[in-house]
Amino acid sequence: MFNEGDQQRARAPEEHFVKTGRRGRWPAGKILGLLLVVAAVFIAGIVVGDGGDLHFWRNASTSSSQSSPLNYSSVNQVYSILKSDFDGQLNQTQLIDGAKAGLVTATGDPYTEYFNPQQAKDFNNQLSGSITGIGAELGSDNQNNIVVVSPLAGYPAQKAGLKPKDIIAAINGKPTQGMTIDEVVNKIRGDAGTRVTLTIVRGSAKPFDVTITRQKITIPSVKHSIINGNIGYLQITQFTSDTGKLALQAAQDFKAKRVKGVVLDLRGNPGGFLDAAVSVSSLWLKQGQTVVSQRRGSTIVSTEYATGGNILAGLPTVVLIDGGSASASEITSGALHDNGDATLVGVTSFGKGSVQ
């Protein structure tokens, strides 16, 4: 599964390379000229989540105040050469999508991604419904390896023994090097009952294969119960569109049953919508307290504040985190910890502190 997270991971395609045929031999000067044009294009930014986290959406038409318009003349030069010399049919939609994806990929940020319409639809379906796959949030590391952010509890990936930060080196024997997160996700997904074999690299150990049977993945974002008679246990598996509402219902139940403390379990939670993280944090934080500030360099560009209704305020609270707690999970746990409303217990979390 690709949630990717505050993925608001998440995940989008990276660049697509097209290896063209040639009609005849080009002169060395023309080849050199083309290479210079291509280099210029890549420098200009041409050409996945789960995890990643799950994100705010910005339409392509939204203007940005950060920079002036790009000079696309070199892009048009490349397109002219393709039209003239490409031995095959060109699909303009695919070319434009590739250019958009390349522009985003050129930022060098593994968490900044472009979705075409189908990928955006798939991503939204993942946040609000169910999918068929192995039940694992995927992301990428600093070396552009495709890694497991978190296997989802009770699903095939976890049962097969996959762990956070496992590198998926191959799928059914095909190396994933150079693949985007979306490409890997699409190859891992398939019909329920079918199998997929992943080659896993874990630390310095020898790579090994794991064969997993796909199944329908339905992800309840919130579960709660009363343990030991008076402790409220609240587990959030990801931050989806209904997480705030479900967490509030759980908190109201805790209040009605007069719990003496709360355990918030964010282990294995790959993230999700930022506003869901704000809603959950607001169950403890006073209205106006800071949940998260977003910065560009040293400049604060936005701040999310608790919205009030903090019905769990004052209750001793422990937040459980692990290596699979990412993005919105880290925002929530950090907000509760930094504002003095909770104690963190566990191990170092995944380490995705950005919001797309």
Side-chain angles (χ1 to χ4, degrees), residues 1 3 5-6 53-54 127 130 135-137 149-155 157-159 163-164 217-286 289 291 306-350:
M1 168 184 174
N3 278 353
D6 18 81
D53 236 320
L54 315 176
L127 287 181
S130 61
E137 162 72 12
V149 174
S150 178
L152 301 180
Y155 286 107
Q158 185 196 52
K159 293 178 180 178
K163 297 181 178 181
I217 310 296
T218 302
I219 307 158
S221 67
V222 175
K223 298 178 182 178
H224 78 282
S225 61
I226 306 297
I227 57 178
N228 294 334
N230 60 5
I231 302 297
Y233 174 75
L234 177 61
Q235 181 187 37
I236 301 177
T237 57
Q238 64 173 347
F239 287 84
T240 63
S241 57
D242 64 352
T243 298
K245 178 184 69 175
L246 296 176
L248 174 59
Q249 293 172 356
Q252 291 170 336
D253 186 42
F254 291 163
K255 197 72 172 179
K257 294 177 179 177
R258 301 180 182 275
V259 299
K260 301 300 183 182
V262 177
V263 175
L264 173 60
D265 192 347
L266 298 180
R267 292 175 296 178
N269 184 323
F273 287 120
L274 177 60
D275 58 1
V278 173
S279 295
V280 171
S281 300
S282 297
L283 296 175
W284 283 268
L285 303 183
K286 296 177 182 178
Q289 286 187 290
V291 176
T307 57
N310 51 329
I311 63 176
L312 298 181
L315 285 175
T317 299
V318 169
V319 181
L320 304 181
I321 58 173
D322 64 7
S325 304
S327 200
S329 296
E330 294 173 297
I331 289 172
T332 300
S333 58
L336 297 183
H337 173 269
D338 290 351
N339 284 289
D341 284 86
T343 299
L344 303 186
V345 174
V347 299
T348 302
S349 57
F350 185 79

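- Applying side-chain hydrogen bond (donor to acceptor under 3.5 Å, both in side chains) to N269 and the options S325, S221, S329 leaves one that passes, S329.
- Taking L344 as the reference, V319, I321, S333, H337 meet the side chain to side chain contact (heavy atoms under 4.5 Å, CB included) condition, with sequence neighbours excluded.
- Contact detail for L315 and G261: the closest heavy-atom pair is CD2-N, 4.4 Å.
- Of all heavy-atom pairs spanning V149 and P164, the tightest one is O-CB, 3.4 Å.
- Annotation: side chain to side chain donor-acceptor pair (under 3.5 Å) contacts involving residues 308-317, sequence neighbours excluded, comprise W284-T317.
- In this structure, the side chain to side chain contact (heavy atoms under 4.5 Å, CB included) partners of T307, at least two apart in sequence or on a different chain, are V278, S282.
- Between the CD atom of Q235 and the CG atom of L266 there is a distance of 9.0 Å, given to the nearest 0.5 Å.
- Residues passing the side chain to side chain contact (heavy atoms under 4.5 Å, CB included) test with V263 are I231, Y233, L320, sequence neighbours excluded.
- Residues T332 and L264 form a side-chain contact, since some pair of their non-hydrogen atoms from C-beta on lies under 4.5 Å apart.
- In this structure, the side chain to side chain contact (heavy atoms under 4.5 Å, CB included) partners of A157, at least two apart in sequence or on a different chain, are I134, A136, P151, L162.
- L152 approaches G268 most closely through the heavy-atom pair CD2-O, 4.4 Å.
- A donor-acceptor pair under 3.5 Å is formed between the side chain of T243 and the backbone N or O of Q238.
- The distance from the OG atom of S150 to the NZ atom of K163 is 13.0 Å, given to the nearest 0.5 Å.
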### Query
Going through the checks in order, is the side-chain contact (heavy atoms from CB on, under 4.5 Å) test met by L248 and I311?
CA-CA 9 Å; L248 174 59; I311 63 176; 4.1 Å; yes
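- For the pair I226 and V259, the minimum side-chain heavy-atom distance is below 4.5 Å.
- Applying the salt bridge (Lys or Arg N to Asp or Glu O under 4.0 Å) rule to pairs touching residues 255-266 yields D253-K257, D265-R267, sequence neighbours excluded.
- When all heavy atoms are compared, the tightest approach of E330 to S349 is OE2-OG, 2.6 Å.
- Distance check, rounded to the nearest 0.5 Å: CG of D338 to CD1 of I331 gives 12.0 Å.
- Side-chain contact between F239 and D275 is absent, with no heavy-atom pair separated by less than 4.5 Å.
- Between A326 and F350, the shortest heavy-atom distance links the atoms CB-CB, 3.6 Å.
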